[in-house]
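Here's the structure, in structure tokens; my notes come after.
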Amino acid sequence: MIVAMQVGATEEQIDAVISAMGEAGVDVHRTTGEFQTILAGVGPTAGLDLTKFEMLPGVLHVHRISAPYKLAGRAWRPEGTVVEFRNGAAIGGEKVAVIAGPCAVENREQIFAIAACVKAAGGEFLRGGAFKPRSSPYSFQGLGIPGLELMREAADANGLCVVSEVMEIAQIEPMLPLVDCFQVGARNMQNFNLLRELGQVRKPILLKRGIAATVEELLLSSEYILSGGNYEVILCERGIRTYETSTRNTMDISAIPVLKKLSHLPVVGDPSHGTGRRDMVPAMAKAAVAAGADALIIEIHPNADKAVSDAAQTLFLDQFEKLVAELRVLAQAVGRTL
Ligand code: PEP
Ligand code: MN
């Protein structure tokens with residue numbers, strides 16, 4: 001259920017509603033917007049008489065949420081969520097954020113060169129995997145925590161935030177001091193134990209769409225994190241597996257406006273995994289911004305052909321710089337900045 005408080009409702013009135021909802025056995029999640037407080041009640045609301053809540057002082061209206069996801073739905077935060085990071089970076093505001101970096105952290109020289117390039121291009125986030133989910137157990141599996149330490153150093157030297165993938169619960173704690181945002185990869189979108197644990201963390205989570213997941217399944221996965229009280233979830237469209245073989249995945253651009261409509265959560269476009277092809281990345285990056293993406297996540301490498309993972313979809317640094325300059329013009333045309 002959603003309880004929208006009147007503009008100007010007092011803290012006492014809000015507290016009284018929260019208590020009444022608690023007594024009815026529902027978990028209350030509060031969002032305090034610029035003008036209005038909205039309370040989401042999650043739990044056994046089916047048999048509840050909602051008029052009882054409608055009568056409480058300060059309540060504007062009460063309604064049931066018919067969608068299976070409750071906290072991810074736009075009704076809870078109609079104005080949208082802006083996830084804030086260090087150095088003034090944010091995802092979900094007017095500015096389209098740029099997250100870029102290698103598929104995998106490989107060595108010091110590589111990650112420092114990339115960090116400097118991301119900064120110079122005006123990006124805010126350095127991405128890079130230290131724990132890599134690889135199709136083959138014989139492929140490079142990532143440098144682990146030492147790789148993350150290198151990335152943290154490179155990011156700090158350039159005033160950037162760090163985004164890196166967490167693959168299992170045991171990695172959360174050692175990663176916590178090193179990352180600004182945990183990425184949950186496509187293969188783990190339905191690792192519900194991991195998602196629940198990330199609900200207890202107080203750091204943003206970038207949740208990628210599974211390779212065969214529907215939009216509703218993605219939103220339900222985000223609900224695992226949100227219901228734990230971690231409200232800083234960022235959704236990512238990274239392409240899905242279809243019958244089409246000319247690209248690595250089929251980037252579902254339409255999922256971006258669909259997610260923006262259904263949910264208040266920010267949405268990121270990943271044209272690198274979305275296409276798997278360097279020559280297609282710029283076009284899909286532009287399409288994602290035009291479709292309303294709040295950020296892009298792009299794989300880049302000074303020696304892209306030699307990248308240890310995802311080389312074929314990785315941009316050279318000069319290609320990335322050119323793309324960001326073009327995106328800046330495009331962003332303006334769709335009422336954003338970049
Ligand atoms: C990645 O970002 O490098 C990655 C492995 O992404 P995905 O989970 O989308 O395949
Ligand atoms: Mn990759």
Side-chain angles (χ1 to χ4, degrees), residues 91 97-106 110-111 114 118 123 125-137 139-144 147-148 151 161-168 171 175 179-191 194-195 198 204-213 215 217-218 221-222 225 233-242 247-253 255-256 259 267-278 280-281 284-285 288 293 295-301 303-316 320:
I91 300 181
V98 174
I99 309 166
C103 181
V105 185
E106 295 169 16
Q110 173 232 29
I111 198 68
I114 291 172
V118 174
F125 297 84
L126 182 62
R127 66 143 286 150
F131 298 104
K132 295 302 304 175
R134 304 304 301 279
S135 299
S136 164
S139 301
F140 176 63
Q141 305 283 307
L143 295 180
L148 265 186
M151 188 154 64
C161 302
V162 168
V163 180
S164 196
E165 177 163 357
V166 58
M167 284 176 60
E168 55 162 313
Q171 291 163 355
M175 287 180 73
V179 302
D180 297 292
C181 180
F182 286 97
Q183 174 176 322
V184 175
R187 289 151 196 83
N188 265 320
M189 189 204 85
Q190 289 189 315
N191 181 340
L194 177 64
L195 300 180
L198 291 169
I205 313 295
L206 190 156
L207 177 63
K208 289 190 151 198
R209 181 177 182 183
I211 60 171
V215 162
E217 286 165 339
L218 173 60
S221 286
S222 78
I225 304 167
V233 179
I234 299 153
L235 305 170
C236 180
E237 165 56 39
R238 48 79 72 204
I240 49 176
R241 188 163 287 181
T242 68
T247 48
R248 178 184 181 185
N249 292 294
T250 298
M251 190 155 169
D252 183 6
I253 291 290
I256 297 170
L259 286 167
V267 178
V268 178
D270 176 349
S272 305
H273 296 87
T275 61
R277 295 179 47 151
R278 186 179 301 143
M280 305 280 170
V281 168
M284 295 313 267
L296 291 170
I297 183 164
I298 301 173
E299 290 185 337
I300 64 172
H301 194 294
N303 202 351
D305 280 331
K306 298 273 159 50
V308 296
S309 59
D310 287 349
Q313 68 194 33
T314 297
L315 295 186
F316 286 93
F320 169 68

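Each residue takes its place number in the sequence, starting with 1. Numbering of ligands and ligand atoms starts at 1, following listing order. Nothing here was measured: the structure is a model prediction, and the numbers come from that model.
Between Ser222 and Leu235, the closest heavy-atom pair is CB-CD2, 3.9 Å.
Here CG of Leu206 is found 12.5 Å from CG of Asp180. Values are rounded to the nearest 0.5 Å.
Salt-bridge formation is not detected for the pair Arg127/Asp270: no Lys NZ or Arg NE/NH1/NH2 atom is positioned less than 4.0 Å from an Asp or Glu carboxylate oxygen. Checked for salt-bridge contact, Arg278 and Asp305 meet the test: a charged N lies under 4.0 Å from a carboxylate O.
Atom 2 (O) of ligand 1 has its closest protein heavy atom at Arg127 NH1, 2.7 Å. Among protein heavy atoms, the minimum distance from atom 8 (O) of ligand 1 is reached at Ala186 N, 2.7 Å. Protein heavy atom in closest approach to atom 4 (C) of ligand 1: His273 NE2, 3.4 Å.
Ligand 1 lies within reach of Glu165, whose nearest heavy atom is under 4.0 Å from it. At least one heavy atom of Cys103 lies less than 4.0 angstrom from ligand 1.
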For this session: For Asp310 and His273, run side chain to side chain donor-acceptor pair (under 3.5 Å): C-alpha distance rounded to whole Å, both residues' side-chain angles, the deciding distance at 0.1 Å, then the answer.
Result: CA-CA 8 Å; Asp310 287 349; His273 296 87; 3.0 Å; yes
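Ordered by chain and number, Cys103 SG, His273 NE2, Glu299 OE2, Asp310 OD2 make up the set of protein N, O or S atoms under 2.8 Å of the Mn ion (ligand 2).
Considering each of Arg209, Lys208, Arg238, the one bringing a non-hydrogen atom nearest atom 6 (O) of ligand 1 is Lys208.
Geometrically, ligand 1 and Pro133 share no nitrogen or oxygen pair separated by less than 3.5 Å. The N/O atoms of Gln183, backbone and side chain alike, include one that comes under 3.5 Å of an N/O atom in ligand 1.
The backbone N or O of Val308 lies less than 3.5 Å from a partner atom in the side chain of Glu106, making a donor-acceptor pair. In terms of modelled atom types and a separation under 3.5 Å, the side chain of Gln141 and the main chain of Ser139 share a donor-acceptor contact.
Close approach of ligand 1 to Glu299 (heavy-atom distance below 4.0 Å) involves ligand atoms 1 (C), 3 (O). Annotation for ligand 1: atoms under 4.0 Å from non-hydrogen atoms of Gly185 are 8 (O). Heavy-atom proximity to Arg187, at under 4.0 Å, picks out these atoms of ligand 1: 7 (P), 8 (O), 10 (O). Contact atoms of ligand 1 toward Lys132: 1 (C), 3 (O), 5 (C) (distance under 4.0 Å to a heavy atom of the residue).
Exactly one residue among Pro102, Ser309, Ser272, Pro271 makes a side chain to side chain contact (heavy atoms under 4.5 Å, CB included) with Glu299. That residue is Ser272. None of Val281, Thr250, Asn249 except one satisfies the side chain to side chain contact (heavy atoms under 4.5 Å, CB included) rule with Thr275; the exception is Val281.
Residues satisfying the side-chain hydrogen bond (donor to acceptor under 3.5 Å, both in side chains) test with Glu237, not counting sequence neighbours, are Arg209.
Counting non-hydrogen atoms of other residues, nucleotides and ligands closer than 6.0 Å to CZ of Arg134 gives a total above 12.
Looking only at side-chain heavy atoms (C-beta outward), Ile114 and Phe320 stay at 4.5 Å or farther from each other.
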